[in-house]
J.: 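Shown below is the structure under consideration.
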Amino acid sequence: MSLAQVHHISAAPGDEEAAGRFTAVGPGVSAALLAELEPLIGYALPDGASHRPADAELRSLPQAFTYAVLSDGSRVVGRTAPARGDGTAPVRFHTHAVHLPPGVPLPGDRLPVEAWRSPHWVSATPVGGGALSDPLGLLPPGPAPVREGLDDFAVSRGPWLAAVLADLRRASEEEAPAGGPVVLVERQSADVARWLGLAAVTLPRGSVERLTFTTYTRRPGSSALRVVGAPPEDAAAAREAGLRVHVCADRPPVDGTADAWARTAARVWRSRAPELFEEARGLPGDPFAAGPLAVIALCSGVALGPEERAAAAGWAAERPYAVDAKRTGQLVEALTSPGIDDRTGSEFDAVGRLFGALDGRCPASVTAPLAAMLVTEAVRGGNGSLELPRRDAFVGPEGEAIAGVLGPEILTELESGAGGGRPVARTVQLLRVARLLGVNGTEVLPEVVARLARTILTEADGSEGTPAFAPALLELLDEQFDVRTALLGALDRIAPEDPGAVARFLERVALPFTGTQALPHLRMCAEAPGAMTTLGRDRSAVWHRVLRAAGLSPFAEPLVLRTAVGLVWEDRAPTVEEARLLLEAATSDAHRAAGTWARLVDAALGAPADTEDGTALAHDLLRAFPQEIGGRERAALQLLELCRDLRSGAPEPGWTEQVRTLRDRAAPLEPAIQERAFTALTERLLAPDRPGAELYAFVRSDDADLIAAYDRAARTEPTRTRLRTNPAYAADCFTNWTAHPHAGTAWTTTAAALLDEVLRPAVRGMTAEAVAEVEETVGRTGSSGRANAFRDWNRSRALGRLGRRIAGRVRRG
């Protein structure tokens with residue numbers, strides 16, 4: 001069919017009053033479409049262009065080659081070029097366009113950009129009904145017109161290729177991206193057309209047909225097209241408008257693009273191999289995935305970067321059936337090339353997946369290079385996330401060769417003293433690779449596993465949830481019986497030292513220790529979390545259950561005591577009741593061998609002041625562990641034992657000096673023990689039957705802390721009740737609190753306060769007969785002078801009250 005053509009002449013430059021006009025319009029092009037078309041073909045001269053150019057200048061002005069889709073779905077392909085005008089208008093801008101109705105393809109099913117070099121675009125409107133040229137129907141056959149010179153152009157634009165192709169791909173999506181057109185800044189509009197030619201070869205046909213464009217405009221921000229070309233002077237304004245601008249006539253860009261497909265396409269163009277795009281489109285998958293194109297490029301010898309190689313390996317691993325044997329061999333050869341020195345972890349991971357997909361599907365000669373590459377990276381690169389090949393991948397000469405190279409390196413690293421700081425994943429990887437290659441590491445295994453066991457606990461305690469190394473570790477233990485036996489034994493030996501860490505690790509990683517090994521400590525650590533969940537706060541019951549899980553008696557293996565105590569109480573001390581249970585559950589020899597006697601001492605020293613069993617526990621501990629307990633702990637326990645004797649009524653003489661001496665030896669003394677000792681001493685000194693020598697020694701000590709404790713004990717309700725109800729006791733206290741007037745300041749001050757604030761209220765509440773009995777007792781046990789002193793002391797208070805009453809009456813009068 002014949003396509004309608006449109007001719008238009010724009011206004012002359014500098015003539016603001018003149019308007020452009022359509023000089024010829026083919027059938028079927030309505031006035032509404034013409035009104036829509038006119039803004040698309042407007043032309044403005046570049047900065048600095050002459051309004052009266054010479055012929056050479058006229059030919060050098062940019063041409064605008066445009067492809068647009070109109071509102072009714074029809075399309076327009078056209079060219080606007082400067083042309084010589086008449087005398088009043090030396091330059092005109094002539095547009096020659098072809099209108100394609102909706103659904104009508106270009107003649108020969110060509111792409112719009114293929115017409116930019118058509119020799120049948122005219123610069124003047126045909127006159128007198130002459131035959132119209134056909135710029136679309138008379139295109140030369142084949143792809144040569146659009147591809148001519150594109151290889152050289154692509155190489156010259158190498159730094160911009162990936163970023164521009166990425167933006168052109170996004171601009172060709174079904175829904176046009178928001179944010180306006182992609183702006184290609186070139187000095188020559190023909191170079192913008194070449195960019196569109198690159199896109200036509202690179203993108204799928206459907207994407208290319210959606211890519212509306214013009215090769216030249218001075219108003220990129222107001223264009224409704226998807227791609228526009230602009231001169232360098234308009235680049236800044238386009239950036240300010242928020243458009244995606246590529247200044248291809250300036251310095252190369254510094255930042256690359258994250259689009260792996262675009263980077264791969266750029267490398268294909270720089271390798272002058274555009275035929276690979278069509279070949280890649282024959283492979284399954286997303287047309288803009290990097291994998292298919294990267295596979296074809298690598299198979300054709302195009303050098304790619306690490307991300308593109310990873311994409312190729314990953315795509316081929318997912319679709320091993322999509323490439324034939326020849327391409328598979330080429331891909332493996334490209335991926336394992338010894339000249340590559342920039343491989344990344346993600347690339348090795350993808351190669352590992354590819355090996356897994358090809359292993360068993362392809363001959364061993366094809367997959368052996370991949371296996372060798374993976375184990376070499378595992379040893380030299382330290383990539384602990386690699387999926388290692390199966391052991392039979394190294395059977396034959398290839399396996400012997402790689403084992404001869406890597407075996408000594410593996411043993412050297414395993415033997416190195418730096419193993420204490422080697423991550424678990426690294427040691428596990430080395431051990432697994434050693435087995436794959438048949439490397440004999442029997443001599444170094446005990447030391448390696450001992451270090452590995454400690455590192456496992458350290459790393460597990462420093463992470464949350466299941467440790468990252470757990471899957472590889474479990475695979476190692478499943479693969480290598482000797483390593484499993486050695487590692488479980490090492491962990492069992494470590495468990496008594498830090499059973500809490502071992503229990504936390506076993507709760508997150510289920511180690512296989514259900515075999516014939518005894519492993520009592522590991523079994524206890526595995527039992528503890530469940531026992532605590534079931535039995536709750538009954539730590540004694542938890543301890544019994546955990547101890548039973550060991551399968552050994554603490555008499556036969558005392559260290560199970562240490563493990564059980566560490567699991568149940570961790571860094572806390574048992575209560576006194578729990579400590580007595582532990583002491584009775586095993587002999588002192590067993591506790592001595594396990595080192596758990598120290599926990600029992602902690603229980604006694606940490607007991608609250610009101611716990612009666614604490615003194616009895618201290619007594620038992622001093623006799624059970626006389627050689628082990630020393631220093632301040634021994635003095636503190638002896639102080640508790642003295643409390644027991646003070647309460648029982650049979651202490652050795654010299655109580656006060658003993659308390660003071662032991663207190664000083666036990667410094668820093670636990671506050672509860674000091675409170676308990678001071679309370680026991682002062683209560684004994686306040687007892688009616690205490691020896692006078694003990695009270696005399698106490699008063700003369702002038703120990704402020706002890707005297708303050710005495711003051712508190714004297715003010716307690718039991719003492720006050722005894723004072724009110726027992727005249728003899730009141731007399732005794734009066735005698736003692738007044739008998740040492742020349743003692744130190746602490747005692748004299750305290751005694752005066754007790755007389756006034758404790759004894760006087762007690763005496764005031766007595767009957768006259770009771771007061772007389774106090775006075776008589778004071779005189780009988782002391783002297784007549786002390787009895788007079790009591791009367792004076794008692795009367796002075798009464799007179800004081802009477803005097804205050806009289807003074808009050810005088811004031812009121």
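Just the heavy atoms: all of them, side chains too, but no hydrogens, waters or symmetry mates, feed the values below.
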J.: Report yes if some heavy atom in the side chain of P220 is under 4.5 Å from a heavy atom in the side chain of L243; otherwise report no.
T.: yes
J.: Which value, rounded to the nearest 0.5 Å, describes the distance between L354 atom CG and M373 atom CE?
T.: 9.5 Å
J.: Can you see which heavy atom on V228 is nearest to which on S223, and at what distance?
T.: CG1-OG, 3.4 Å
J.: Whether the side chain of R426 engages the backbone of V379 through a donor-acceptor N/O pair (distance < 3.5 Å, no angle test) should be reported.
T.: yes
J.: Out of T214, T217, T95, which residue meets the side-chain hydrogen bond (donor to acceptor under 3.5 Å, both in side chains) rule with T66?
T.: T214
J.: Does the side chain of P253 reach to within under 4.5 Å of the side chain of H246, using non-hydrogen atoms?
T.: no
J.: Quick one: does T257's side chain have a donor or acceptor within less than 3.5 Å of a partner on D259's backbone?
T.: yes
J.: Among H96, H94, R79, Q63, find the residue that satisfies the side-chain hydrogen bond (donor to acceptor under 3.5 Å, both in side chains) test when tested with S123.
T.: R79
J.: May I ask you to say whether R194 pairs ionically with D152, meaning some side-chain N is under 4.0 Å from a carboxylate O?
T.: no
J.: To the nearest 0.5 Å, what is the distance between CG (L370) and SG (C362)?
T.: 9.0 Å
J.: Measure across A313 and L335 and return the closest heavy-atom pair with its distance rounded to 0.1 Å.
T.: CB-CD1, 4.0 Å
J.: Determine which pairs satisfy ring pair (Phe, Tyr, Trp, His ring centres under 6.0 Å) with at least one residue from residues 206-228, sequence neighbours left out, and list them in order.
T.: Y43-Y216, F65-F213, Y67-F213
J.: What about the rings of W269 and F153, do their centers lie closer together than 6.0 Å?
T.: no
J.: Which heavy-atom pair separates L168 from L211 by the least distance, and what is that distance?
T.: O-CD1, 3.8 Å
J.: If I take atom CD1 from residue I9 and atom OG1 from residue T80, how far apart are they, to the nearest 0.5 angstrom?
T.: 11.5 Å
J.: If we ignore hydrogens and angles and just use 3.5 Å, is the side chain of S189 paired with the main-chain N or O of P62 as donor and acceptor?
T.: no
J.: If I compare all heavy atoms of L276 with all of S300, which pair ends up nearest, and what's the gap?
T.: CD2-OG, 3.3 Å
J.: Looking at R218 and L45, would you say the former's side chain and the latter's main chain have a donor-acceptor pair under 3.5 Å?
T.: yes
J.: Is it true that, when you exclude R205 itself, more than 12 heavy atoms of the residues, nucleotides or ligands shown sit nearer than 6.0 Å to its CZ?
T.: yes
J.: Does R263 come within less than 4.0 Å of E307, counting only side-chain N to carboxylate O?
T.: yes
J.: Any heavy-atom pair between the side chains of D55 and R59 that's under 4.5 Å?
T.: yes
J.: Starting at CH2 of W195, measure out to CG of L165 and round the result to the nearest 0.5 Å.
T.: 6.0 Å
J.: If you take all heavy atoms of A289 and W261, which pair is closest and at what distance?
T.: O-CD1, 3.7 Å
J.: Ignoring hydrogens, what is the shortest heavy-atom contact between R219 and A44? Give both atom names and the distance.
T.: NH1-CB, 4.4 Å
J.: Report the distance from atom CZ of R226 to atom CZ of R210, rounding to the nearest 0.5 Å.
T.: 7.0 Å
J.: Can you measure from CG (D342) to CZ (R309) and round to the nearest 0.5 angstrom?
T.: 4.5 Å
J.: Between E233 (side chain) and D47 (backbone), is there a donor-acceptor pair under 3.5 Å?
T.: yes
J.: Could you check E186 against T215 for side chain to side chain contact (heavy atoms under 4.5 Å, CB included), going step by step and ending with a plain yes or no?
T.: CA-CA 9 Å; E186 289 278 8; T215 60; over 6 Å; no
J.: Should we say atom CD of E209 is surrounded by more than 12 heavy atoms from elsewhere, each under 6.0 Å from it?
T.: yes
J.: Looking at E275, I'd like to know if its CD atom is crowded, meaning that more than 12 non-hydrogen atoms belonging to other residues, nucleotides or ligands lie closer than 6.0 Å.
T.: yes
J.: Counting distance only, does the side-chain N/O of R244 pair as donor-acceptor with the main-chain N or O of V182 below 3.5 Å?
T.: no
